[in-house]
Amino acid sequence: MPRHDTSNAPVFSLYYIAIDTEAGVTPEQFEAFVRHKGVHIPCYPGWRWTMLRGLRGERAGQYMMLFEIDDAGQRDRYVTADGNQTELARQFWRDRPEARELVREWRKYGTFGELPTIYTDYRLLAENKKSTVTDGPRYQERGPGEEPLARVIGIHNLALRPDVRADTFESFIAENHHRIEDYPDWKFRLLKGERGNRLDQYVVLMEIASLAALHAFYPDADIATAEAAAFAKAYRDTKQMYEEWKQLASFSGSPQIYTDYLSVAESLS
């Protein structure tokens, strides 16, 4: 069966970030630097990044740098298949000495989103275009006395069942993801590792508008609220689609490896 066309879809690149605790760097110091200075490090055209801190799950308290890139072609202009910079990328940094200085300062706190950091580029297989979550900022400071806008990003690893072919699962997703109805202020995406350290692995990337929207349905890991149960009853075909999915592959949540992250900073340029 033909694969769902995602040639013009965004690419999501995840880099594991570690702060230098041996040098006495605290999470508060790192996040303060990233919010006040690191956000001014320019992005390649068509790129943006969000810094995430693990809330719960496998990497609670640890950091992830999420790059969203317009499409694979725009990624390939700046990063090669083995994760190195292209000549265009090297010229980008040569032209911006003040940015190179900011990157050097960042490295006094922790790792940056580039080699030798562990990373994976994921291509988009499916997303819920009916979601109420828009393409706006994932982190944004607001007025005095107001909490910042901070979205939650869930990264849930999946695995195929024995003897299930990748194209079988991917065809099922392409033909059936339109049946998914997300909770209000939640957005489903399914990604597949394309290059880097987790090749051929699938993840559900769940983008949630706020902590309040997460807690309305799952205040604790894998413990649903009455609102979640009522939603499942109202959208029985979505629940049926998930049961069909589980015949082919694992599903989000325990016992799969996952982390729910909170956005703590986002690039400004």
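Hydrogens, waters and symmetry mates are skipped; everything else that's a heavy atom, side chains included, is used.
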Is the shortest side-chain heavy-atom distance between [X] and [Y] below 4.5 Å?
X    : Y    : value
V11  : F67  : no
L248 : L160 : no
R75  : D121 : yes
R53  : F30  : no
P45  : Y78  : yes

| So I208 and F217, side chain to side chain contact (heavy atoms under 4.5 Å, CB included) or not? Walk me through it. | CA-CA 11 Å; I208 306 170; F217 298 97; over 6 Å; no
Using 4.0 Å as the upper bound for N to carboxylate O, is an ion pair formed by [Y] and [X]?
X    : Y    : value
E244 : R179 : yes
D182 : K187 : no
D76  : R195 : yes

Donor-acceptor pair, side chain of [X] and main chain of [Y], under 3.5 angstrom:
X    : Y    : answer
T86  : R77  : yes
D20  : A23  : yes
S263 : A150 : no
N176 : F172 : yes
S250 : A159 : yes
T259 : G54  : no
R142 : E147 : yes
W93  : R100 : no
Q74  : I69  : no
T111 : A18  : yes

For the residue pair [X] and [Y], does the interplanar ring angle fall in the parallel (under 30°), tilted (30 to 60°) or perpendicular (over 60°) class?
X    : Y    : answer
Y109 : F33  : parallel
F231 : Y235 : tilted
F251 : Y242 : tilted
H156 : Y258 : parallel

List the atom of [X], the atom of [Y], and the distance in Å for their closest heavy-atom pair.
X    : Y    : result
V39  : E266 : CG1-O, 3.3 Å
R35  : V264 : NE-O, 2.7 Å
Y122 : G193 : CD2-N, 3.2 Å
A9   : L124 : CB-CD2, 3.7 Å
R48  : G136 : NH1-O, 3.7 Å
Y63  : R59  : O-NH1, 3.1 Å

Looking only at side chains, do [X] and [Y] share a donor and an acceptor under 3.5 Å apart?
X    : Y    : value
Q247 : E243 : no
E181 : Y183 : no
N197 : T120 : no

Reported [atom1]-to-[atom2] distance for the pair [X] and [Y], which is rounded to 0.5 angstrom:
X    : Y    : atom1 : atom2 : result
Q256 : E58  : CD    : CD    : 11.5 Å
I180 : M241 : CD1   : CE    : 4.0 Å
R236 : K239 : CZ    : NZ    : 9.0 Å
T168 : I173 : OG1   : CD1   : 12.0 Å
I257 : I155 : CD1   : CD1   : 13.0 Å
T117 : L14  : OG1   : CG    : 12.5 Å

| request: Starting from the C-alpha separation in whole Å, work towards a yes-or-no answer on side chain to side chain contact (heavy atoms under 4.5 Å, CB included) for Q91 and R94. | output: CA-CA 5 Å; Q91 187 61 51; R94 283 196 294 267; 2.7 Å; yes
| said: Taking side chain to side chain donor-acceptor pair (under 3.5 Å) as the definition, give me every residue that meets it alongside E105, ordered by chain and number, with sequence neighbours left out. | reply: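 Side chain to side chain donor-acceptor pair (under 3.5 Å) list for E105, sorted by chain: K37.
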| request: Please name all residues satisfying side chain to side chain donor-acceptor pair (under 3.5 Å) with Y202, sequence neighbours left out, ordered by chain then number. | output: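 Y202 satisfies side chain to side chain donor-acceptor pair (under 3.5 Å) with E170 once adjacent residues are dropped.
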| Should K192 and E194 be marked as a salt bridge (Lys or Arg N to Asp or Glu O under 4.0 Å) after you check the CA-CA gap, both sets of side-chain angles, and the distance that decides it? | CA-CA 6 Å; K192 183 178 182 180; E194 185 171 44; over 6 Å; no
Indicate, with yes or no, if [Y] and [X] share a hydrophobic cluster defined by side-chain heavy-atom contacts under 4.5 Å among Ile, Leu, Val, Met, Phe, Trp and Tyr.
X   : Y    : result
I19 : L52  : no
W47 : I153 : no
Y44 : L66  : no
Y16 : F112 : no
V79 : L191 : no

| query | Checking side chain to side chain contact (heavy atoms under 4.5 Å, CB included) for the pair R138/E207: CA distance, chi angles, key distance, verdict? | reply | CA-CA 9 Å; R138 297 190 171 103; E207 184 162 353; 3.0 Å; yes
| task | Evaluate side chain to side chain contact (heavy atoms under 4.5 Å, CB included) for F188 paired with M206, printing each intermediate quantity in order. | result | CA-CA 5 Å; F188 161 89; M206 192 65 74; 4.1 Å; yes
| request: Determine whether more than 12 heavy atoms belonging to other residues, nucleotides or ligands lie under 6.0 Å from atom CZ of R104. | output: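 Yes, CZ of R104 has more than 12 neighbouring heavy atoms, counting only those of other groups under 6.0 Å.
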